[in-house]
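In what follows, chains are A, B, ... by sequence order, proteins preceding strands, each numbered from 1. Predicted model only: the values in this text are computed from it and were never measured.
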There are 2 protein chains.
Amino acid sequence: MDSSVRPYSQVYDTLRNVGLRPTRQRLGLARLLFDNGNRHVTAEQLHAEAANANLRVSLATIYNTLNQFTGAGLMREVVVEPGRSYFDTNTSDHHHFFHEDTAELQDIPGDAISVSAVPEPPAGTRVKRVDIIVRIKG
Amino acid sequence: MDSSVRPYSQVYDTLRNVGLRPTRQRLGLARLLFDNGNRHVTAEQLHAEAANANLRVSLATIYNTLNQFTGAGLMREVVVEPGRSYFDTNTSDHHHFFHEDTAELQDIPGDAISVSAVPEPPAGTRVKRVDIIVRIKG
DNA sequence: TTTCTTCTTTAAAATGATTCTAATCTGTTG
DNA sequence: CAACAGATTAGAATCATTTTAAAGAAGAAA
């Protein structure tokens, strides 16, 4: 709970649990991502943030890590803009506002919006996820 | 109605109405796009299709044209996958199934699905559009 | 701890989609 | 038809992301 006393133990366990070796880079990135509430980041943003926090990580590792975290179910990818991927630390059922002016994402809690009557998926397929993006402008 | 008799007159008028010069390329692409029911295409797909139909158009023009048609409200862009853009000839209110296996889009009519209680957008913003993507797998 | 093996990280190159550039060509209008 | 504005094009440029192959770090065993 007190990150000044046990700065890495939480994320350390998290990484162990999903079978990822707790390396310096993964521990540092996990802390940036998970110790500050729900976050929506692009690879470039996280890279800049890491540099800022004195964490030396290459951009390739940022991409690897974001993809591994997503594959492990610790994050999810949100696709809202052509040519750029956002990663979301909130994996619970919820949706998004997308500010078209600032290119920022904002959570909509799962219970604040819902889809009535999701149509039957085509024969032979099953629904993997329903994404709702509410695009807004200033 | 009979495209063998008046092959270009419909799309010709459409282009005129939105202020785009009816060039050979735009007329040909418009015919491929609008004379065959609702379509979802990527730039590469449309390029291949044009070549197939003996319509010589560069890829740069495909991109220009798709963006111009979208800007003119004749089509809309659908973002479902990082790194690839889909363009949809159906501009009416509706949503999409996305087949993750085949990377294909399929319309969900606007009245077959709906969002209950779209939350109030943040102060100073207004909703531009609500996109629902139902991701399915085989 | 030393060693061995396996997984990670990295810089740099490669890729893939899209946009830009600058030169050439084509519609439109007079 | 002439002239101009707008459109098309090949190829270069750009941007986000992935791959490569080499060097480095973590875990297990002795």
Side-chain angles (χ1 to χ4, degrees), chain A residues 8-9 11-30 32 40-51 54-72 74-75 77-87 103 105, chain B residues 8-9 11-32 40-51 53-72 74-75 77-87 103 105:
Chain A
Y8 284 98
S9 66
V11 291
Y12 190 96
D13 292 345
T14 304
L15 293 181
R16 280 330 248 297
N17 287 337
V18 300
L20 290 171
R21 242 183 227 185
T23 63
R24 176 177 63 77
Q25 292 82 339
R26 294 209 269 237
L27 285 167
L29 293 176
L32 287 177
H40 305 97
V41 298
T42 63
E44 288 289 357
Q45 277 167 19
L46 184 58
H47 191 221
E49 212 174 300
N54 257 20
L55 175 64
R56 254 185 69 263
V57 193
S58 75
L59 191 52
T61 296
I62 300 275
Y63 277 104
N64 287 340
T65 303
L66 287 172
N67 287 326
Q68 290 153 354
F69 285 6
T70 301
L74 300 177
M75 308 186 72
E77 192 172 0
V78 185
V79 186
V80 278
E81 274 201 319
R84 198 182 2 235
S85 275
Y86 288 80
F87 293 86
L105 282 169
Chain B
Y8 283 99
S9 65
V11 289
Y12 190 96
D13 292 345
T14 304
L15 292 180
R16 282 327 251 297
N17 287 338
V18 299
L20 290 172
R21 244 186 225 184
T23 63
R24 174 178 65 78
Q25 291 83 338
R26 293 209 269 236
L27 285 166
L29 294 175
R31 235 158 50 117
L32 287 177
H40 305 98
V41 297
T42 63
E44 288 289 356
Q45 276 167 18
L46 184 58
H47 191 221
E49 212 174 300
N54 257 20
L55 174 64
R56 255 186 66 263
V57 194
S58 74
L59 191 54
T61 296
I62 299 275
Y63 276 103
N64 287 339
T65 303
L66 286 172
N67 286 325
Q68 289 153 355
F69 285 5
T70 300
L74 301 176
M75 307 186 73
E77 193 172 0
V78 185
V79 186
V80 276
E81 273 201 319
R84 199 181 3 233
S85 274
Y86 288 80
F87 293 86
L105 282 169

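- No donor-acceptor contact under 3.5 angstrom links the side chains of T70(B) and E77(B), judged on distance only.
- Between the CG atom of L15(B) and the P atom of dG6(D) there is a distance of 17 Å, given to the nearest Å.
- F69(B) meets the ring pair (Phe, Tyr, Trp, His ring centres under 6.0 Å) test with F34(B); sequence neighbours excluded.
- With contacts defined as side-chain heavy-atom distances shorter than 4.5 Å, the pair L20(B)/R26(B) qualifies.
- Across the protein-nucleic acid pair, L29(B) atom CG and dT8(D) atom C1' stand 12 Å apart, rounded to whole Å.
- Atom CD of Q68(B) is separated from atom P of dG6(D) by 13 Å (rounded to the nearest Å).
- Remark: P of dT8(C) and CZ of R56(A) are 19 Å apart, rounded to the nearest angstrom.
- The number of heavy atoms from other shown groups lying within 6.0 Å of CG (N54(B)) does not exceed 12.
- In this entry the distance linking CZ of R26(B) with C1' of dT9(D) reads 14 Å, nearest Å.
- Per the geometry, CZ belonging to F69(A) stands 11 Å off P belonging to dT8(C), to the nearest Å.
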Protein-to-nucleotide contact annotation, 5' to 3' order, nucleotides 11-22 of chain D [B base; S sugar-phosphate only; - none; under 4.0 Å, heavy atom]: -----SBBB---
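- For S58(B) and dT9(D), the shortest distance from a side-chain N or O to OP1 or OP2 is below 4.0 Å.
- Residues L66(A) and F87(A) approach most closely at CD1-CD1, 3.7 Å, considering heavy atoms.
- A pairwise comparison of heavy atoms in P22(B) and L27(B) identifies O-CD1, 3.7 Å as the closest pair.
- Remark: P of dA26(D) and CG of L20(A) are 15 Å apart, rounded to the nearest angstrom.
- Considering only residues two or more places apart in sequence or on other chains, R84(A) meets the salt bridge (Lys or Arg N to Asp or Glu O under 4.0 Å) condition with E81(A).
- Closest approach of A103(B) and Y86(B) over heavy atoms only: O-OH, 2.6 Å.
- Each salt bridge (charged side-chain N to carboxylate O under 4.0 Å, His left out) pair with one or both residues in residues 62-72 of chain A, not counting sequence neighbours, would appear here, but there are none.
- When atom types are taken as modelled, the side chain of R24(B) and the backbone of R56(B) share a donor-acceptor pair closer than 3.5 angstrom.
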Verdict with reasoning, E44(B) to L59(B), per side chain to side chain contact (heavy atoms under 4.5 Å, CB included): CA-CA 8 Å; E44(B) 288 289 356; L59(B) 191 54; 3.7 Å; yes
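- Comparing the helix axis at one end of the helix from dT1(C)-dA30(D) to dG30(C)-dC1(D) with that at the other, each defined from 5 consecutive pairs, gives an inter-axis angle of 30° (nearest 10°).
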Contact state string [nucleotides 22-30 of chain C, B base, S sugar-phosphate only, - no protein heavy atom under 4.0 Å]: ----BBS--
